[in-house]
Number of protein chains: 2
Amino acid sequence: MPAEPAARPTIYDVAQRAGVSKSLVSLVLRDAPHVSEARRRAVHEAIEELGYRPSRAASALASQRTRSVGVLIDDFRNPWFVELLAGLRSVLDPAGYTSSVADLTLEAVSGRNPVDGFLAMHVDGLVVAGEPQPGLLRGLAVPTVVAGVRDVGPGLAADVVAGDDERGGELATRHLLDLGHARIAHLTGSGGPAARRRRGYERTMRAAGLEPLVTGAGGTAEDDGYAAALAALDAAPGLTAFVAGNDVMAVGALAALREHGLSVPHDVSVVGYDDSPLAAYRYLALTSVAGHSHEVGAESATTLLARLGDPEAPRRRQLLEPSLVVRGSTAPP
Amino acid sequence: MPAEPAARPTIYDVAQRAGVSKSLVSLVLRDAPHVSEARRRAVHEAIEELGYRPSRAASALASQRTRSVGVLIDDFRNPWFVELLAGLRSVLDPAGYTSSVADLTLEAVSGRNPVDGFLAMHVDGLVVAGEPQPGLLRGLAVPTVVAGVRDVGPGLAADVVAGDDERGGELATRHLLDLGHARIAHLTGSGGPAARRRRGYERTMRAAGLEPLVTGAGGTAEDDGYAAALAALDAAPGLTAFVAGNDVMAVGALAALREHGLSVPHDVSVVGYDDSPLAAYRYLALTSVAGHSHEVGAESATTLLARLGDPEAPRRRQLLEPSLVVRGSTAPP
DNA sequence: TTGAAAGCGCTAACAG
DNA sequence: CTGTTAGCGCTTTCAA
């Protein structure tokens, strides 16, 4: 029974070439402990020579685990996710895990449930970056970590890694206060992180003996920032500063200010949130609160791996301290 | 032999519940033609009742195809890809294909070869969105379509779907010409599409009896646009308009102009390229050439599916006509 | 330590 | 049209 020489090599070919059994090859691949050094090397050599690549499908089928994790991104349009993803992969990749990414907004358009998609792929775990629609994750059986949002409703047994949004709101506000501003408005969006950022703002304002002014309620996109800024300008014409719910909203606010003939930071200061690539563009140069998404990503991955290893461990919840990146959009009043 | 009631249902359970054979279930799943309506319905009901989900791993292993395609994105930071991806999925999803996305820039940092990753996953096909590094795809055995770049080196037997970049450069330039501009510079980047856009610009300028001025040579990021604009301003102080290689570069140019005390569009007009979400921000309001990435994506997917169906078909190369989206960054000089 | 053997859940001929 | 029969390539007891 001569073998076909052209086909993709299998574990069987490797075994034969190395003069060992199939199972030994499997052990070597999984880095098993009790294998003699000589045979281990022989196997590795055979793998090299044959250009062997294990079949994920076969291994998934046999082991009932895919070594893959699904990553749910809120919206690809908000570049916030880029660093998060990089952090995630910086620990998932070396651990031999594959990650597949889906965009909630995109999926919503096509009417599919992205979680279903991941479940069909049999991902071993899930990372939800951003705020899941209520119900989307209810009763999920697969290990999940929520990254970037600290309030996950009850009924979702997930680990959490997030920035301290309330602290971030405080940082932004205090920066403005320290600069000498007093008439500071906040542009908020919907969702948990937005609510916390707002709370940080409000708390800091009150502590300074100032009355908070919050506008916005819809989404967290550029439009929403624009509309909220307009509303704030309308409600309090003497404003000298904005704390925006995120960078994209801040860009919307910039447009509203320009329409009112107000210049930034000369007349009005603006602080964004997320320290996304947007904030770093020279033309925008937004002072922004950095949530350290890279670290959030890395920590999320570590947490997920830990849970995969021990499903019974107590839930973890980690908060990362944000910091302020000062650029050109803020100045004394 | 009583079955375990708790385990995930298999095709076998479905068959039993529907009173048919395993193979019939398989046929129904694949939408095979010669199945009686009654049995088809019976199977679907059983699937519904059991909450059955086919195992991709098993199916991949048995059929030697994963029904998945790998999508290589140039850089997640350039939001150009969002629509492309949406278009891609609008045809891949209904066809039952899964798509996994990787970012070349991200992978480059981690030192991994993303193509290798996809090959290990045994994707059935590849979509390369943007310009592949030379050599990255050389001698690739898996069906590939390159989206967005029309020049793929020899040695890569790929289908191509791209916007007509030369025509786009022409559109942008002609728009400026029609507005009455004459001193128009072009900010170019590296790579094939950039070269074609530049050629379109140059051709149009010359046809109008004007001397082209091109600056920039590094990358295509915001920095590069900034630097190129500065160089152009330096070389020709009387400039009244820029055609930028893409939207991100245009934003860089905006910063350079502001530094020179020049206002847009009052003193200088700016045209971007890609019509990315960036261009639509009110604060930027960039006139931009739309490459119709959604369509490019959809067409790429269709092309890939066709090739998967017939590997021997002649190579296809499609060029989509770009169009101009006029916003607030251009005006008469 | 190493080898043999029994599947994982599904597809794909091939017979009925 | 429907049922039977082999595997796909790998993991994983269980013996040797």
Side-chain angles (χ1 to χ4, degrees), chain A residues 1 3-4 6-44 46-47 50-68 96 98 119-122 124, chain B residues 1 3-4 6-43 46-47 50-68 96 98 119-122 124 308:
Chain A
M1 67 208 90
E4 299 287 330
R8 232 166 63 80
T10 75
I11 198 174
Y12 191 83
D13 301 314
V14 175
Q16 200 162 278
R17 190 111 166 70
V20 302
S21 77
K22 279 191 280 194
S23 9
L24 208 248
V25 175
S26 183
L27 288 181
V28 171
L29 283 174
R30 321 198 93 254
D31 247 355
H34 303 298
V35 179
S36 73
E37 194 47 45
R39 291 184 187 261
R40 181 187 300 280
R41 205 166 35 236
V43 169
H44 276 130
I47 287 177
L50 261 32
Y52 166 78
R53 292 157 152 306
S55 150
R56 286 191 105 81
S59 122
L61 184 56
S63 67
Q64 301 292 57
R65 35 187 300 185
T66 54
R67 294 198 161 261
S68 69
T98 294
L119 292 184
M121 295 177 68
H122 284 259
D124 293 341
Chain B
M1 66 209 90
E4 300 286 329
R8 231 166 64 80
T10 75
I11 198 175
Y12 191 83
D13 301 316
V14 175
Q16 200 162 278
R17 190 114 166 68
V20 300
S21 77
K22 277 191 282 192
S23 10
L24 209 248
V25 175
S26 185
L27 287 182
V28 170
L29 284 174
R30 320 197 94 252
D31 245 358
H34 304 297
V35 179
S36 75
E37 194 46 47
R39 290 184 188 261
R40 183 187 299 280
R41 206 168 34 240
V43 170
I47 287 177
L50 261 31
Y52 166 78
R53 293 154 151 308
S55 151
R56 289 191 103 81
S59 132
L61 184 55
S63 68
Q64 299 292 58
R65 33 187 300 184
T66 52
R67 294 199 160 261
S68 69
T98 294
L119 293 184
M121 295 176 69
H122 283 258
D124 293 342
L308 256 24

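Atom set for the values below is all heavy atoms of this structure, side chains included, hydrogens, waters and symmetry mates excluded. Not measured: the values here are computed from a predicted model. Every chain is numbered from 1, with letters handed out A, B, ... down the list of sequences.
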Item to check | Below 4.0 Å: OP1/OP2 of C/dT2 and any side-chain N or O of A/Arg39 | outcome: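 Checking C/dT2 against A/Arg39, a side-chain N or O does come within under 4.0 Å of OP1 or OP2.
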
Residue list, side chain to side chain donor-acceptor pair (under 3.5 Å) with [X], at least two apart or on another chain:
X: B/Arg41; answer: none
X: B/Arg53; answer: A/Asp116
X: A/Ser68; answer: A/Thr66
X: B/Arg17; answer: B/Glu49

Checklist entry - Could you run down nucleotides 8-16 of chain C 5' to 3' and tag each one B, S or - for protein heavy-atom contact under 4.0 Å? => result BBBSB----

Calculate the interatomic distance between [X] atom [atom1] and [N] atom [atom2]; express it in whole Å.
X: A/Arg67; N: D/dT11; atom1: CZ; atom2: C1'; value: 12 Å
X: A/Ile47; N: D/dG9; atom1: CD1; atom2: C1'; value: 14 Å
X: B/Met121; N: D/dG9; atom1: CE; atom2: P; value: 18 Å

Checklist entry - Mind checking what makes side-chain contact (heavy atoms from CB on, under 4.5 Å) contact with B/Ile47, not counting sequence neighbours? => result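 Result, side-chain contact (heavy atoms from CB on, under 4.5 Å) vs B/Ile47: B/Val14, B/Leu29, B/Val43, B/His44, B/Tyr52.
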
Checklist entry - Of all residues at least two apart in sequence or in a different chain, which pass the side-chain contact (heavy atoms from CB on, under 4.5 Å) check with B/Ala42? => result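 Once residues adjacent in sequence are excluded, the partners of B/Ala42 under the side-chain contact (heavy atoms from CB on, under 4.5 Å) criterion are B/Ala18.
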
Checklist entry - Under the salt bridge (charged side-chain N to carboxylate O under 4.0 Å, His left out) test, which residues partner A/Arg56, sequence neighbours left out? => result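 For A/Arg56 there are no salt bridge (charged side-chain N to carboxylate O under 4.0 Å, His left out) partners, ignoring immediate neighbours.
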
Next on the checklist: If the helix axis at each end comes from five base pairs, how far does the helix from C/dT1-D/dA16 to C/dG16-D/dC1 deviate from straight, to 10°?
Outcome noted: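 It comes to 30° between the two terminal axes.
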
Checklist entry - Has the side chain of B/Ser63 got a donor or acceptor atom that lies under 3.5 Å from a matching backbone atom of B/Ser59? => result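 Looks like yes, one N/O pair under 3.5 Å.
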
